[in-house]
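Protein chains get the first letters and strands the later ones, always in sequence-line order, with residue 1 at the start of each.
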Amino acid sequence: MVYFILKRMVQSVFVMLAVAFLAFSLFRFVGDPITQMTGVETSVEDQERLREELGLNDPFVYQFMRFTGDMLKGDFGFSYRTRQPVAEMIASRIPATLELGVVALIISLLVGVPAGVYTALKPRGVLTQTILMTTLVGVSIPTFVIGIMLIFIFGVQLGWLPTFGRGGTVQIGGWESSLFTIDGWRALLLPAITLGVYQLTLTMRLVRAEMMEVMRSDYIRFAMARGVPTASLHYRHALANTMVPVITIIGLQFGGVIAFSIVTESVFQWPGMGLLFLESIRFVDIPVMGVYLVVIAFFFVLVNLVVDLLYVAIDPRLRIRDVS
Amino acid sequence: MLTIKGLSVKFPTRFGDFTAIEDVDMTINPGEIHGLVGESGAGKSTVGAAVIGLLQTPGYVANGALTLGDTDLRTLSPSEAHKVRGDRISMIFQDPQTSLNPLMTIERQLIETIQTHSDASESEARKRAVDLLEEIGIKNAAERIKAYPHQFSGGMRQRVVIALAISTDPELIIADEPTTALDVAVQSQVLDLIQRLAKERQIAFMLITHDIGVIAQVADCVTVMRKGRVMETGVTAQVLGKPQHRYTQQLMDSVPPLDRKIDRFRVPDADDTIANNGDMAEDWLLEGAQHVRTGLSLRNLTVKFAGQRTSIFRKPPPYVALDDVTLNIEPGSIMGLVGESGSGKSTLAKAITGLVTPSDGIMELGGSVLPFGKSRDRDHPSRQLIQMVFQDPYSSLNSRHKIGDILTEPLWFYGFVKDAQEREKLAAAMLSLVGMQPDAISKYPHQFSGGQRQRIAVARALLARPRFLICDEPTSALDVSIQAEILNLLKDLQAKFGLTILFISHNLAVVRQMADNTAVLRNGKIEEVGETNALYTAPQAEYTKSLMDLTPMMPTTWQT
């Protein structure tokens with residue numbers, strides 16, 4: 001058990017190192033940092049001096065080690081564009097993206113899991129077929145189209161919800177949250193739904209497929225043969241067994257939601273990391289892009305680690321060893 | 001008392017209703033064990049499912065009467081039927097590995113079931129659960145009840161399953177192949193338990209099985225089914241001892257006896273018309289040096305697998321799958337290898353074929369040393385000389401390849417026949433030789449039954465011109481009558497071509513019919529090796545004796 005966790009952590013460290021290397025390569029080899037930082041009027045001598053000062057003439061391995069070391073110390077460097085520390089810029093954007101992602105995830109779970117269970121238990125029902133058809137249409141339409149449609153209907157035509165920004169936010173410590181004001185929630189709703197729709201469909205179809213598989217298994221049939229009450233049969237026996245594989249995919253998807261919220265954030269002008277990344281690309285702000293890469297990879301690794309631990313928590317076969 | 005009268009079950013399909021069982025009559029009295037026997041597809045399980053009301057959708061009871069005591073089971077509403085399940089009728093499934101919820105403790109599953117059917121409080125239910133487990137033969141039940149299913153061995157798990165089934169005091173238990181997945185020792189314990197429960201608690205058992213030995217040993221009455229219809233029914237000694245129906249007779253003829261060797265099984269309706277076109281394949285197999293008989297000798301063979309690692313500092317002790325095995329297989333003979341699951345039978349086959357790497361020992365095929373595992377070259381001659389027939393013919397043939405492609409592969413792969421048309425002809429001839437129509441060559445594996453597929457698997461092995469054949473449980477996935485055919489075929493081929501065969505099986509009776517010599521394997525060690533007849537009539541090792549005693553068999557007087 002402890003061994004298992006340690007093993008996963010060591011693996012995570014290697015993943016992070018690989019990503020850090022990518023980020024570093026981006027920083028070091030996409031264009032010359034010195035030309036990016038200086039204007040045309042800087043003399044060649046000054047450029048050389050700067051290059052020497054910044055350690056860009058040092059051996060490659062040494063530079064990478066210094067880069068990684070700085071990252072570990074929390075020093076992420078400065079943006080070319082705004083001259084602000086990158087750490088601050090990212091930190092100010094993280095709450096927006098995380099809140100958006102988490103709310104999208106919760107929406108997709110709250111709707112996706114019950115819908116999956118329902119469609120699995122009543123595979124021939126009219127409602128089941130309707131749900132399956134609608135969600136199929138849902139995934140076939142690209143995210144940005146869904147976003148624009150939602151804006152058009154609820155923002156423009158009905159005028160119920162705001163179409164951009166975060167609405168009213170509250171500052172809690174260093175965390176700027178929109179979860180504590182009505183206004184914030186109103187602003188959050190449309191982007192969260194947009195982002196959650198795809199994941200919702202996936203969760204639902206996965207739960208449905210797994211649930212149907214589990215319902216055919218011997219232990220469910222045996223439980224039926226013993227007359228175990230239907231509610232317990234469906235929700236205690238079947239659903240728990242369904243969740244084991246579903247959690248993996250949800251975890252991976254959540255990483256994806258955080259990483260690829262770019263489209264949604266851009267449609268709704270949501271001031272999160274995705275929008276920051278888009279702006280950075282436009283201005284070739286390589287330090288920000290590199291750090292964004294590392295932060296996203298960190299989320300992925302973290303989520304996967306949590307998923308592995310959840311596995312162990314749910315499945316006693318991983319937790320308790322055979323004694324017989 | 002369960003009464004079934006004129007029961008028919010139908011499954012609607014696109015092409016009209018498919019009748020799974022038709023006009024089945026049966027009565028089971030309290031305390032009676034009623035055997036239901038027949039080959040796969042006979043509809044045995046469908047009878048059980050219809051009684052407990054758990055027919056697979058879209059199946060439905062089309063006709064007939066089902067009554068338990070005074071209750072008409074057919075007129076119950078779905079919720080009433082659900083109440084009857086567990087309360088009055090319960091069920092035991094085949095595989096104890098899969099019939100318990102892996103995420104719930106035994107305790108929760110038992111208490112839930114008990115509380116569903118009575119007003120017992122949590123602590124009363126727990127006490128009853130513990131008592132039940134003790135009764136069923138689980139020691140230290142108060143402690144063990146907190147465990148999850150995976151913490152029990154197969155036999156213990158089946159006991160837990162039985163405890164769950166009887167926890168609500170049902171009148172009838174449908175046991176669907178309850179011992180098929182178990183080793184003989186555990187099987188005999190579980191059968192004893194079933195007998196005891198029938199006697200002490202007056203529970204009626206419907207014992208569904210394909211194993212006539214099991215029926216002979218425990219069932220009071222028996223019903224023989226075939227293709228959804230009842231062939232014969234009555235008291236066990238009567239039906240199996242003096243079979244009236246021709247089918248029962250044939251079935252009994254196919255059962256391999258444990259206590260004697262018969263030269264050939266009497267196989268009904270053998271199709272002799274196709275056996276004659278195989279000459280070409282026969283000549284090809286006997287060509288050149290192919291009459292050389294090749295023996296195999298293993299000396300001090302040891303195979304270890306790395307254990308599951310749980311700590312960074314301690315290296316887990318390796319699992320010893322084969323421990324110092326020395327075995328000599330004479331050229332042209334059949335060596336039987338018996339043992340319970342986990343005894344290392346299949347590991348031995350894998351070591352010989354080079355799929356696992358032994359840690360120690362020497363293997364010699366026909367006098368030349370066989371390199372271990374990965375150090376054996378891809379084109380090492382032994383890769384052609386040693387061929388295998390696997391247990392499951394459903395997964396051992398690539399379902400996306402035509403039979404022709406499957407059979408001609410060894411011919412070009414080993415460079416025997418250069419001409420493609422010639423290869424096809426040879427493959428077709430080989431099909432005749434193993435008793436199949438040559439036109440099978442253009443079909444796909446799913447178009448054949450299990451027995452036919454196993455014949456194809458044998459043909460594929462032969463087309464590599466092997467001198468040493470490993471048959472790993474070649475008939476345990478097949479019905480007895482099909483098993484008899486395949487065993488006859490293997491015997492014929494072995495005699496014709498002087499093959500050396502390692503015949504692996506957990507079924508002692510089958511090995512007795514096939515093998516010249518027999519080795520008994522237990523926990524990776526050879527317990528006993530000897531000439532088959534001598535070993536079966538006077539086993540030396542205690543373990544062999546107990547295996548023989550525990551194997552269910554028919555009284556000698558019943559045999560024809």
Please determine, by modelled atom types, if A:D218 and B:T98 share a side-chain donor-acceptor pair under 3.5 angstrom. yes

Say whether, by atom type as modelled, one donor and one acceptor occur between the side chain of B:H117 and the main chain of A:R226 under 3.5 angstrom. yes

So, does B:H82 use its side chain to make a donor-acceptor pair with the main chain of A:A225 at under 3.5 Å? no

Which atoms of [X] approach chain A - backbone, side chain, both or neither, heavy atom under 4.5 Å:
X	answer
B:T168	neither
B:L164	both
B:V84	neither
B:I89	backbone
B:M104	side chain

[X], [atom1]: over 12 other non-hydrogen atoms inside 6.0 angstrom:
X	atom1	result
A:Y235	OH	no
A:F298	CZ	no
A:F21	CZ	no
A:Q11	CD	yes
B:F93	CZ	yes
B:D119	CG	no

Side-chain contact, heavy-atom cut-off 4.5 Å: A:R236 with B:R108? yes

What I'd like to find out is whether the side chain of A:R221 reaches to under 4.5 Å of the side chain of B:Q56, using heavy atoms alone. yes

To the nearest 0.5 angstrom, please state how far the [atom1] atom of [X] sits from the [atom2] atom of [Y].
X	Y	atom1	atom2	answer
A:S217	B:N101	OG	CG	8.0 Å
A:H237	B:L103	NE2	CG	10.5 Å
B:Q109	A:F222	CD	CZ	8.5 Å

Which answer fits A:I314, side chain, backbone, both or neither, if we ask what part of it has an atom under 4.5 Å from a heavy atom of chain B? both

Ignoring hydrogens, what is the shortest heavy-atom contact between B:P102 and A:P316? Give both atom names and the distance. O-CG, 3.2 Å

Quick one: closest heavy-atom pair of A:G227 and B:T116, and the distance? O-CG2, 3.3 Å

Which one, [options], leads in non-hydrogen pairs under 4.5 Å with chain A?
options	value
B:E112, B:Q97, B:M91, B:M156	B:E112
B:S99, B:P149, B:A81	B:S99
B:L100, B:D95, B:I174, B:I52	B:L100

From the list A:V214, A:D315, A:N241, the residue making the most non-hydrogen contacts under 4.5 Å with chain B is A:N241

